[in-house]
There are 2 protein chains.
Amino acid sequence: MTSEEIAKLCGVSRATVSRVINNSPNVKEETRQKILAVIKEKNYVPIAPARRLAGIDSNIIGLFVLDIDISDSKSRVSESTYFSQLINLIIDQANNFGFQVLVSIITSQKQLSEIRNLFMSRTIFSGIFIGAFNDEIQLDDDIILQYPTIIIDRQSERVVKRPNRLVVNLDNFEGAYNATQFLIKLGHTRIGHISGDLRKLSGIERYEGYRKALEDAGLGFDKNLVREGNFLDDSGYKLAHDILKENVTAIFCANDVMAISAIKAIKETGLSVPEDISVIGFDNTAIGNYIIPTLTTVNAPLEHIAEECIQSLKYFCKHKHFKQKEIRVRTNLIIRDSTKRALEF
Amino acid sequence: MTSEEIAKLCGVSRATVSRVINNSPNVKEETRQKILAVIKEKNYVPIAPARRLAGIDSNIIGLFVLDIDISDSKSRVSESTYFSQLINLIIDQANNFGFQVLVSIITSQKQLSEIRNLFMSRTIFSGIFIGAFNDEIQLDDDIILQYPTIIIDRQSERVVKRPNRLVVNLDNFEGAYNATQFLIKLGHTRIGHISGDLRKLSGIERYEGYRKALEDAGLGFDKNLVREGNFLDDSGYKLAHDILKENVTAIFCANDVMAISAIKAIKETGLSVPEDISVIGFDNTAIGNYIIPTLTTVNAPLEHIAEECIQSLKYFCKHKHFKQKEIRVRTNLIIRDSTKRALEF
DNA sequence: CTGAAAGCGCTAACAA
DNA sequence: TTGTTAGCGCTTTCAG
């Protein structure tokens with residue numbers, strides 16, 4: 001079934017059918033209705049490649065999950081609840097607005113450099129990148145630079161300024177600051193931090209939020225109370241064991257996954273949460289509700305991130321530029337059972 | 001940059017360039033090398049829609065995650081680790097073989113019926129379906145029937161027989177059977193089962209494996225020891241509370257998510273795992289290792305499922321039919337700390 | 001408001 | 001082994 005056949009059936013030319021399909025206003029309402037009816041009756045769907053070739057942009061967004069880390073062959077960041085939820089939400093939002101999403105998990109430099117081909121071959125018209133390291137320069141590839149691109153979780157100063165580049169970030173600093181401040185208010189003074197991957201903006205900012213909160217409270221910042229993790233469960237587990245040597249009474253973990261495995265480690269040493277050690281996570285993933293004790297955490301509203309991305313893309317399609325350069329999505333603290341007033345209080 | 005320009009640069013015709021791109025053997029090696037060199041130098045990538053229009057099939061696979069369930073507005077099956085891991089693995093495998101994957105989360109009947117458009121518009125050439133209910137007839141849509149389709153976790157008898165339809169299943173029955181048998185060997189006699197969604201094959205088969213193991217062991221099957229769940233944490237939690245009334249000493253849960261929340265429920269009633277109640281899950285998701293006690297479970301090798309899917313698709317592209325009608329992927333029991341010999345032993 | 005015709009970039013007979 | 005040519009199905013000027 002081609003537009004030609006539909007045209008014949010309606011006694012009009014292909015051009016008119018095309019106009020109807022593309023919502024051109026210059027069609028008599030009567031003709032439009034008739035064509036629409038026949039299209040529906042015949043289950044006609046335009047051949048996408050033909051439209052593409054004739055100049056209509058692809059409606060496919062590339063969603064690239066960067067998960068390059070040679071040091072860790074086993075656990076994949078892309079499999080974490082955080083990422084899979086975000087992926088889901090982005091796909092959902094995109095579909096709602098008539099976009100399709102082509103997902104790629106990028107685990108090697110080679111794959112990263114092949115992304116450009118998806119743009120050049122006109123398979124996708126835009127790309128959303130998540131999981132990138134803060135200094136991943138490949139994303140500034142000359143080719144990619146030509147297409148609308150959204151980067152999630154990257155320092156906006158690091159992104160080449162162009163009207164077709166948008167950065168969407170969580171307010172990690174604020175979230176971490178509030179979490180730490182909350183522990184301080186509970187009377188904790190030796191508060192440890194198991195950081196995320198410090199090559200990522202979220203890792204850096206959560207670390208800084210933690211630090212600033214301590215300093216603002218006059219507790220001072222002690223580097224010995226910090227362990228550099230990587231957002232994965234393994235690191236939460238090992239580093240918790242290690243950080244306990246510092247006699248901390250509370251630990252702020254850069255995400256829930258590490259917080260949960262940290263709790264496991266803490267329990268193994270005979271201590272209990274929150275009686276002996278308070279623990280706070282970050283992300284507010286679902287499991288936080290199903291562990292014992294339930295996890296106090298910073299809620300990262302991924303649905304807002306997804307929404308901002310797709311809305312912005314929608315805007316871009318219309319105006320050929322993004323409305324802004326960076327979007328910050330705010331967080332909020334969710335208090336559950338893994339935190340408690342410090343003992344000496 | 002078009003093939004025309006490459007042709008000019010090489011002093012040949014577009015046809016020859018096209019032959020090189022498509023690996024036609026009828027090109028002098030010298031010419032081929034020259035063209036290849038220029039292509040590389042100029043960073044030329046063929047415009048995909050043009051190739052599509054000229055008759056070359058799309059290399060995009062649609063991956064459809066069916067998550068239609070009006071009863072449950074909140075929790076999404078598609079966000080479970082099980083699914084996201086499977087999605088990841090399929091994408092990985094696909095990318096390895098030069099396929100791209102367009103992912104769609106289907107949460108409504110409307111979206112389900114729109115899948116056909118992706119085929120008709122020639123956006124995708126094939127579809128992989130996961131999460132379908134056993135009797136989801138929409139998948140037998142006349143249109144979809146024309147394209148190579150793989151369905152994961154569905155009774156093969158329910159799938160319309162065609163040389164372009166493949167069913168890939170886990171050996172759920174065997175896995176459940178072994179898990180239950182393991183509990184029996186530990187001396188448990190009152191073994192409960194929190195089932196999965198019984199509209200799905202995996203839910204049904206795991207239930208049946210459990211039942212058969214009990215019968216084979218001469219313990220008889222008691223329907224009162226079964227609670228019908230839906231694979232989501234909420235149901236594991238609630239049903240565990242309920243099933244404890246039956247004085248079970250062991251519970252086989254149809255997946256890890258439910259097992260983990262069941263453990264939480266058990267602990268809340270003052271009982272402990274595995275001392276009072278043994279618990280077994282199914283899937284072998286990563287968290288199983290990070291809860292206390294670590295979870296005994298049935299390993300579902302998703303990587304094999306993904307591999308079989310893509311290998312089969314590769315085979316299909318060559319032969320225009322699948323090698324087989326159904327593929328079964330085997331499981332194995334992973335014994336950890338959530339199970340223990342029955343007390344009276 | 002509608003039709004005719006050109007062209008998007010590529011592939012695949014068919015000839016040479 | 002290579003070139004010529006005719007589409008693939010759609011959109012979009014340009015006329016009318």
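First the proteins, then the strands, lettered A, B, ... as listed; each starts at 1. The shown structure was predicted, so the numbers you read here are calculated from the model rather than taken from an experiment.
E114(B) is linked by a salt bridge (Lys or Arg N to Asp or Glu O under 4.0 Å) to K110(B), counting only residues two or more places apart in sequence or in another chain. Partners of K320(B) by salt bridge (Lys or Arg N to Asp or Glu O under 4.0 Å), not counting sequence neighbours: none found. For R165(B), the side-chain hydrogen bond (donor to acceptor under 3.5 Å, both in side chains) partners at least two apart in sequence or on another chain are D140(B), T149(B). Remark: T123(B) engages S121(B) in a side-chain hydrogen bond (donor to acceptor under 3.5 Å, both in side chains) (not counting sequence neighbours). Judged as a ring pair (Phe, Tyr, Trp, His ring centres under 6.0 Å), and not counting sequence neighbours, the contacts of F119(A) are Y147(A).
Note that K323(B) lies outside the cation-pi zone of F316(B), set by a 6.0 Å cut-off to the ring centre and a 45° limit from the axis.
First and last contacting nucleotides of DNA chain C toward chain B (any atom under 4.0 angstrom from a heavy atom, 5' to 3' order): dG9(C) to dA13(C).
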Validation: residues 40-55 of chain B side-chain donor-acceptor distances under 3.5 Å, sequence neighbours left out:
from: N43(B); atom 1: OD1; to: R116(A); atom 2: NH1; distance (Å): 3.3
from: R51(B); atom 1: NH2; to: N22(B); atom 2: OD1; distance (Å): 2.5
from: R52(B); atom 1: NE; to: I56(B); atom 2: O; distance (Å): 3.3
from: R52(B); atom 1: NE; to: D57(B); atom 2: O; distance (Å): 3.2
from: R52(B); atom 1: NH2; to: D57(B); atom 2: O; distance (Å): 3.3

Could you list the donor-acceptor pairs under 3.5 angstrom formed between side-chain atoms of residues 303-310 of chain B and any protein atom two or more places apart in sequence or on another chain?
none

Notebook entry, point to check: Could you run down nucleotides 8-16 of chain D 5' to 3' and tag each one B, S or - for protein heavy-atom contact under 4.0 Å?
Noted result: BBBBBB---
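Taking a cutoff of 4.0 Å between a charged side-chain nitrogen and a carboxylate oxygen, E5(B) and K8(B) do not qualify as a salt bridge.
Defining each end axis of the helix from dC1(C)-dG16(D) to dA16(C)-dT1(D) as the rotation carrying four pairs' C1' atoms onto the next four, with five pairs an end, the two axes are found to diverge by 30° to 10 degrees.
Heavy-atom distances under 4.0 Å link DNA chain D to no residue of residues 28-37 of chain A.
Remark: of the listed residues I124(A), L139(A), I128(A), I124(A) is the sole one forming a side-chain contact (heavy atoms from CB on, under 4.5 Å) with F64(A).
Taking the six-membered ring where the residue is Trp, H319(B) and H321(B) present perpendicular rings, their angle passing 60° and hence far from 30°.
Pairs engaging residues 86-101 of chain B under the side chain to side chain donor-acceptor pair (under 3.5 Å) rule: S104(A)-N95(B) [sequence neighbours left out].
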